[in-house]
Every structure is written in structure tokens, then in C-alpha cells.
Asker: 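Once you've had a glance at the structure underneath, I'll fire off some questions.
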Amino acid sequence: MLLNLHVKNLALIEETEVNFGSGLNILSGETGAGKSILIGSINLALGEKAQKDMLREGAEYALVELTFSVEQDAQIQALRGMDVFPEDGQVVMTRRLTANGRSVCRINSETVSASLMRRVASLLIDIHGQHEHQSLLTKKNHIRYLDAWAKRDLGDRKRLLASCYHTWAECKRQLEKASLDEEQQRRELSFLQYEIDEIEQAQLRPGEDEQLEMDFRRLSNGRKILDALAECRELCSDGAGSISDTSGRAVRALLHVSEYDEQVDALAGQLQEIDSLINDFNRDLCGYMDDFEFSDELFAETESRLDQINHLKSKYGKTIEIILEQKEKKEAEAERLQHYDEYRGQLEAKLSESEQKLREISGEISDIRKSAAVVFAEEIKNALISLNFQDVRLEMEFQRLDHYTENGWDDVRFLISTNPGEPLKPLDAVASGGELSRIMLAIKTVLAENDEIETLIFDEIDSGISGRTAQRVAEKMKQTALNHQVICITHLPQIAAMADSHFLIEKTSEELSTISRINDLNREESIRELARMLGGTKITESVLQTAREMKDMADAVRTYSV
């Protein structure tokens, strides 16, 4: 259950906090007051893509924090499978945006990816956006709803189906790629052998290129290096006035008087160490100069070898290791071409085997779907009747595709009839905007009863409905809230009257800025907000009385199931 929402510096919201309760939580307010910002902030905290302009004007950062209580064992186990561990029965999800576009996601103070935020959110909350009902017009979504309903019966079969499909598709791709005639085989094998020989003849050694590059830099700057070394030797060790000569004389000067003063003796010891280091350096310098090798021939050999390796890198990979890996792959490909008929036979056998597995799992899943679809459609139909669809019929139609997909071979869609005597037709041929909203509400509530998700959010589910239908939708929301936490943004007083907790979103102007605030309403304040929703700007005593009666009637609804 969503316990708390904390928002700071997001769009019109300077800072606000909302403590949600169980049951039905209603959010209402004037158009433009910031209700959509509130849902947007929740989506943001749950991993949705962040936009830079979401920050409040002048703010350096924005923050959204959601606190959930998690008590169901199934949810806890699923979260642990994602390495998310509730602390004191709670999960805190935080998203911080900065003015420079950076975004940081945290769960229980531990930094996580946005993708993990979305995965965790899918276990805890289901958000129905303003226009989500339009997704019902896209047929491919219908199978997604059915599979969500039947997920317990499907078990791990969907995962197995996806794996079988990818194996089959890869086998098919390889077999199509392996459709070469004898002349193509010969040309391909000849070219592969040329590439293999080219790499093999180079006799590459891992790390050789790095050493060659160091040698090339040294040899190409050989004269500069030798001049610098000669100057250094002259200054450090050659003749009177060199560092070596000067340090030696300084040591001898101190040693003559060191027996008279312990501090001088200590200084003399330090200087002796320095003199010893200088002598060691001079020996190493002389040894390096004696060993330094430079010749035009050696430079030309190094440059030529480096050019050869760089040419191979431009063709086969950025490093010698990658080039050698490419050689092994080309040798394997050449081996396949040399035994091409045998290779194609193996592919055909593998394709046949993978297609058999795909056919079996597709058939099994199709049978489960068809059985589940009967119950699912009946449940949705019953929910629709409670939402003022008087003579509704609903079924799920199955057709078999002529090809495989990750979902198997099923093509599924809802068919509906909303009037007596009318034949069943696809949703996009029958349903209006208001009807689609109610159909989606029916689907969501039916799925909620079959799911561990405890919190449902509906953003203006009341689109296109009024009157008696609005009352039935309100009663359905209240029924759903008996077993789930429901958070609903609404413009309809019939729905708002059902609230267990009622929040008012208001927009106010202060000096040069506009701020949205959220206030938790008590019963009398809730009645006054209902009156505003009923009567607009002018609230008369009769409108207040109507609002009070609506609230009393809503309280009575709570004592029975719809």
C-alpha cells in the first residue's frame, strides 16, 4: 500500500506531502490546479523517463519519494528476487533530478537503475492513465490482458515460449543465411582462406603492438633523446662543477667537522645518501646510453611491422586479441563451408527440433488461454453490468496466425455487444470514449482481484460519463477499494462522495510565483468540495444540502457489496 508521497520542486509544486489511507483515496480540484502533476510525480518516482523542464523554475533539483508498506509474502519474495529487501515492512522509492539533467534513483537509500525502479513498481502499484483506455483499440494489447489474468495457469510457460521462439528464429536465420550454391561456397571459402592466411602469416603476438608503439616513439625521437642524455651526463658527472663533483666536495667539507656536532654529523649522513644516489644515477645513465640502439634499419623495421599490424586492425579489430579471435571464427566458418552439406543438414535438424518444441508450447499455451478466456470474459461482463452496461455481451475471439511470434500463434481480441439483438463486434467498431473508460475500469478491477498488486491509481477514469452511469462507476470504485487501496483523480461528485480519504489540490499565486498545494479534507470540508463540484463557483445552501445527502448515501453504500 502507498503510505506517503513527498514532492519537492516539481513543476508548480514547491513542496508537499500526502499521507494516503487504505480504501478509496480521492483527489479533486479545479482544472489546471496540478492534479496531473501529482500523477506525473508518482510515475517519475517509479522510473518513467525524466524531462529537464519538470523542475520548478529556479530550482537546482527536484525530489519525489514514495513510501510503500509491503506485507504480502508473494510481494516480499518477488522483491527479494530483485535484491530489494523491505526495511521494517516498508519500501522507499526516491527519484532526484538536477538542473543539469542528471537523475538518481534509489530504493531504501541504495542507488539503483531506472529499469529496476519500473520492475519493482510493477509489483506494488498499477497506474491507469488518462488515455490508457485508448489502448483497448489496439488489438495486440488484448492478449496481454488475458495473459495477465491467466498468469498463474501459464506459470513459466510464457518464458519457455519466448526462449523456444528465439531459438527457432535464430535457426531459421542461420539456415536462410546458409543458402549458397557451389560457386558462392567456393568464392566464400576462397575469401575466408585469404583472410585466415593474411592473419596467420603476420604471426601476431598479444601485446606486441604496444611494445612496437613504444619502440617507434623512442626511435623516431632517437636524436632528441641522445642529445638530452648527453647534456644530462655533462651536468651530472663530467668534470669539475658537475652535480657529482659538487656533492662529493660538500660531503667531504661536512665530514671534517662532523665529530664536533651531532647535528652536523646527521646532515653529513643525509648528504652522503644524496651523493650515493647521484653516483647510482650516473652509472644507470651511462649504462642506458651505452645500450641505446638507433639505426635507420631498425627504425624502418619497426615502422613496417607497426604498419602491418595497424592494417590488420583496420580490417579485423582494434586489438591483436580481437584479430586472433576473428581468425578463429573465420577458421570455424571455413570448416563449415568445407563440410557445407553436413552443416546445412545439422541446421535443418535443429530447426525442425526447435519448431516442434515451439509448436508444442504454443499449442499448450493456446489451450490454457482459451479456457481462461471464457472465465475472464464472464468476469469482465459482470463488472460491466455493475457499471451500467445493461444488456452487454463480451467474448474473446481466437484466430491462429500463419506464423509464430513470442506469444505463440494466438491472435486474440475482445468482441462486445452493448445492445440487445446486436451481433458481437470488435471494440473499435462499437465503443465510445466513455464506454471504453468503463470497459478498461472493468478489466482493471477484474485483474486486480486476480493479482497481488495492492494499490491502483486511476487518473480521470470518469471521462465521458455522467448521471446514473457515474453513480455505478462510483459504486464499482468503492467495491474495488474494499480489497485494494485505490487512488483516484476525478471531476465527478458521485465518485468523490465515496472517498474514505479526500484530498483537495489547489493552485495559488504568491508574489511572482504559482504554487500547487494538497490539503487533506475533513468531512465538512469534503462536503464543501462536493458542493463546488456540483454547483461551480457559487455554492448555495441547497447545493450544500445536496452534497451532504450525497455523502450520507455514499456512507450507506459502504455497508454492502455492489
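Reckoned from all heavy atoms, side chains included, excluding hydrogens, waters and symmetry mates. None of the values given here were measured: they were computed from a predicted structure. Sequential numbering from 1 along the given sequence is applied to the chain's residues.
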Asker: How far does CG of L427 sit from CG of L436, to the nearest 0.5 angstrom?
Answerer: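 These two atoms lie 6.5 Å from each other.
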
Asker: I need the I518 CD1 to L27 CG distance, nearest 0.5 Å.
Answerer: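 Atom-to-atom, I518:CD1 and L27:CG are 7.0 Å apart.
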
Asker: Is N108 reaching over with its side chain to a backbone N or O of V92, donor-acceptor style, under 3.5 angstrom?
Answerer: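 At least one qualifying donor-acceptor pair exists.
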
Asker: Kindly give the heavy-atom pair with the smallest separation between Y316 and I322, and that separation in Å.
Answerer: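 Nearest heavy atoms, Y316 then I322: O-CG2, 3.7 Å.
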
Asker: Quick test of your reading of the model: are R157 and E364 salt-bridged, counting only N-O distances below 4.0 Å?
Answerer: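 Looking at E364 together with R157, the answer is yes, because their closest N to O distance falls below 4.0 Å.
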
Asker: Kindly indicate whether the side chain of S362, heavy atoms from C-beta on, has any atom under 4.5 Å from the side chain of L161.
Answerer: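 They are in side-chain contact.
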
Asker: Can you see which heavy atom on A383 is nearest to which on T445, and at what distance?
Answerer: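 Closest approach of A383 to T445: CB-OG1, 4.4 Å.
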
Asker: Could you go through the salt bridge (Lys or Arg N to Asp or Glu O under 4.0 Å) check for R532 and E30 one step at a time?
Answerer: CA-CA 9 Å; R532 181 198 66 77; E30 296 278 5; 3.4 Å; yes

Asker: How far apart are the closest heavy atoms of I495 and L24, and which atoms are they?
Answerer: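 What the structure gives for the nearest pair is O-CD2, 4.3 Å.
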
Asker: Can you tell me if Q485 uses its side chain to pair, donor with acceptor, with the backbone of G21 under 3.5 Å?
Answerer: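 Answer holds: yes.
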
Asker: Quick one: do K370 and D410 make a salt bridge, cutoff under 4.0 Å?
Answerer: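 A salt bridge is absent here (no side-chain N lies under 4.0 Å from a carboxylate O).
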
Asker: Could you tell me if D73 and Q75 have a donor-acceptor pair between their side chains, going purely by distance under 3.5 Å?
Answerer: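 On atom types as modelled, these side chains do not qualify, holding no pair under 3.5 Å.
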
Asker: Where the side chain of N25 meets the backbone of F20, is there a donor-acceptor pair that is under 3.5 Å apart?
Answerer: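 Absent.
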
Asker: Under 3.5 Å, is there a donor-acceptor pair linking the side chains of S28 and E529?
Answerer: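 Yes - a donor-acceptor pair under 3.5 Å links their side chains.
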
Asker: Hey, are R528 and E524 close enough for a salt bridge, meaning a charged N less than 4.0 Å from a carboxylate O?
Answerer: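 Here R528 does not pair with E524 in a salt bridge, since their nearest N and O are not under 4.0 Å apart.
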
Asker: Any side-chain heavy atom of Q90 within less than 4.5 Å of one from L3?
Answerer: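 The answer is yes, as the side chains (C-beta and beyond) meet within the 4.5 Å cut-off.
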
Asker: With a 4.5 Å heavy-atom cut-off, do L492 and M533 have their side chains touching?
Answerer: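 With C-beta onward as the side chain, the pair stays apart.
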
Asker: Which atom pair, heavy atoms only, marks the closest approach of A45 to V64?
Answerer: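 Nearest pair, atom of A45 first, then V64: CB-CG1, 3.5 Å.
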
Asker: Kindly state each residue pair satisfying salt bridge (charged side-chain N to carboxylate O under 4.0 Å, His left out) with at least one member in residues 83-104, sequence neighbours excluded.
Answerer: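 For residues 83-104: none.
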
Asker: Taking atom types as modelled and ignoring hydrogens, do the side chains of R468 and Q471 form a donor-acceptor contact shorter than 3.5 angstrom?
Answerer: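 R468 vs Q471: no donor-acceptor pair found between side chains.
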
Asker: Check for a donor-acceptor pair, side chain of S354 on one end and backbone N or O of L351 on the other, with a separation under 3.5 Å.
Answerer: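 Answer holds: yes.
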
Asker: So does K476 get a backbone contact from the side chain of T480, meaning a donor-acceptor N/O pair under 3.5 Å?
Answerer: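 Yes, T480 side chain to K476 backbone: donor-acceptor pair under 3.5 Å.
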
Asker: Between M396 and R413, does the side chain to side chain contact (heavy atoms under 4.5 Å, CB included) criterion hold? Intermediate values first, please.
Answerer: CA-CA 6 Å; M396 298 199 80; R413 66 176 175 175; over 6 Å; no

Asker: One pair to check against side chain to side chain contact (heavy atoms under 4.5 Å, CB included): S501 and F503. What are the steps and the verdict?
Answerer: CA-CA 7 Å; S501 301; F503 302 91; 3.8 Å; yes

Asker: For the residue pair L97 and Y61, establish whether any side-chain heavy-atom pair is separated by less than 4.5 Å.
Answerer: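 A side-chain contact under 4.5 Å is absent here.
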
Asker: For the pair T138 (side chain) and K140 (backbone), establish whether a donor and an acceptor sit closer than 3.5 Å, ignoring hydrogens and angles.
Answerer: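 Answer holds: no.
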
Asker: Short question: side chain of K8, backbone of L63 - any donor-acceptor pair under 3.5 Å?
Answerer: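 No, the answer is negative, given that no donor and acceptor are paired below the 3.5 Å cut-off.
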
Asker: List the atom of M1, the atom of E454, and the distance in Å for their closest heavy-atom pair.
Answerer: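 Looks like N-OE1, 3.5 Å.
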
Asker: Identify whether the distance between the nearest side-chain nitrogen and carboxylate oxygen of R369 and D153 falls below 4.0 Å.
Answerer: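 Salt bridge between R369 and D153, a charged N being under 4.0 Å from a carboxylate O: no.
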
Asker: Does this structure show an ion pair linking D209 with K313, if we count only N-O contacts that are shorter than 4.0 Å?
Answerer: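 Result for this pair is yes, salt bridge flagged.
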
Asker: Would you verify whether the NZ or CZ of R80 falls within 45 degrees of the ring axis of F85 while also being under 6.0 Å from that six-membered ring's centre?
Answerer: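 R80 over F85 ring: no.
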
Asker: So which heavy atom on A59 is nearest to which on A99, and how close?
Answerer: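 Smallest interatomic distance, heavy atoms only, reads O-CB, 4.2 Å.
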
Asker: Is it the case that the side chains of Q479 and E475 hold a donor-acceptor pair, with the cut-off being a distance below 3.5 Å and no angle test?
Answerer: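 Checked: E475/Q479 side chains show no N/O donor-acceptor pair below 3.5 Å.
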
Asker: Is a salt bridge present between K381 and E378, judged by a nitrogen-to-oxygen distance below 4.0 Å?
Answerer: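 Yes.
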
Asker: Checking E15 against N9: is there a side-chain donor and acceptor pair closer than 3.5 Å?
Answerer: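 No, E15 and N9 have no side-chain donor paired with an acceptor closer than 3.5 Å.
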
Asker: Look at atom CD of Q545 and say whether more than 12 heavy atoms of other residues, nucleotides or ligands are closer to it than 6.0 Å.
Answerer: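 Enclosed: over 12 neighbouring heavy atoms sit under 6.0 Å from CD of Q545.
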
Asker: Quick one: does any side-chain atom of R56 pair with a main-chain N or O of L10 as donor and acceptor, under 3.5 Å?
Answerer: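 Between the backbone of L10 and the side chain of R56 there is no qualifying donor-acceptor contact (under 3.5 Å).
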
Asker: Do E525 and H502 pair up side chain to side chain, a donor and an acceptor below 3.5 Å, judged on atom types alone?
Answerer: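 There is no such pair between these side chains.
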
Asker: What class does the angle between the rings of F376 and W149 fall in, given that below 30° is parallel, 30 to 60° is tilted and above 60° is perpendicular?
Answerer: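 F376 and W149: parallel rings.
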
Asker: Heavy atoms, side chains only, cut-off 4.5 Å: are L456 and I487 in contact?
Answerer: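 No, too far: nothing below the 4.5 Å cut-off.
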
Asker: How long is the straight-line distance from CE of M498 back to NZ of K551, given to the nearest 0.5 Å?
Answerer: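 Reported to 0.5 Å precision, the distance equals 9.5 Å.
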
Asker: Rounded at 0.5 Å granularity, tell me how far CG in L424 sits from CD1 in I416.
Answerer: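 The CD1 atom of I416 is 8.5 Å from CG of L424, to the nearest 0.5 Å.
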
Asker: What I'd like to find out is whether the side chain of E395 reaches to under 4.5 Å of the side chain of F414, using heavy atoms alone.
Answerer: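 No, every pair of side-chain atoms sits at 4.5 Å or beyond.
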
Asker: Begin from the C-alpha positions of T540 and L544 and carry the test side chain to side chain contact (heavy atoms under 4.5 Å, CB included) through to its verdict.
Answerer: CA-CA 6 Å; T540 64; L544 274 171; over 6 Å; no

Asker: Check D126 with K444, please: is the shortest side-chain N to carboxylate O separation under 4.0 Å?
Answerer: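 D126 and K444: salt-bridged.
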
Asker: In Å and rounded to the nearest 0.5 Å, what is the CG to CG distance from L401 to D411?
Answerer: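 The distance works out to 5.0 Å.
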
Asker: Let's go through C488 and M477 carefully: what are the C-alpha distance in whole Å and the side-chain angles of both, what is the deciding distance for side chain to side chain contact (heavy atoms under 4.5 Å, CB included) to 0.1 Å, and is it a yes or a no?
Answerer: CA-CA 9 Å; C488 179; M477 298 285 280; 3.4 Å; yes

Asker: With heavy-atom distances below 4.5 Å as the criterion, would you say the side chains of T455 and L124 are in contact?
Answerer: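 T455 vs L124: side chains apart.
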
Asker: When you measure from the side chain of R159 to the backbone N and O of G155, does any donor-acceptor pair fall under 3.5 Å?
Answerer: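 No; judged by distance alone, with no hydrogens or angles, the pair does not exist.
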
Asker: Does the pair K158/D147 count as a salt bridge with the N-to-O cut at 4.0 Å?
Answerer: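 A salt bridge is present here (some side-chain N lies under 4.0 Å from a carboxylate O).
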
Asker: CD1 of I527 to CG of L521: how many Å apart, nearest 0.5 Å?
Answerer: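 Going from the CD1 atom of I527 to the CG atom of L521 covers 11.0 Å.
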
Asker: Does any donor atom in the side chain of Q174 or E170 lie under 3.5 Å from an acceptor atom in the other side chain?
Answerer: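 The criterion, which ignores hydrogens and geometry beyond distance, is satisfied for E170 and Q174.
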
Asker: Any heavy-atom pair between the side chains of I13 and R517 that's under 4.5 Å?
Answerer: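 Not touching, per the 4.5 Å side-chain cut-off.
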
Asker: Within a reach of under 6.0 Å around CD of E110, are more than 12 heavy atoms found that belong to other residues, nucleotides or ligands?
Answerer: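 No, CD of E110 has 12 or fewer neighbouring heavy atoms, counting only those of other groups under 6.0 Å.
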
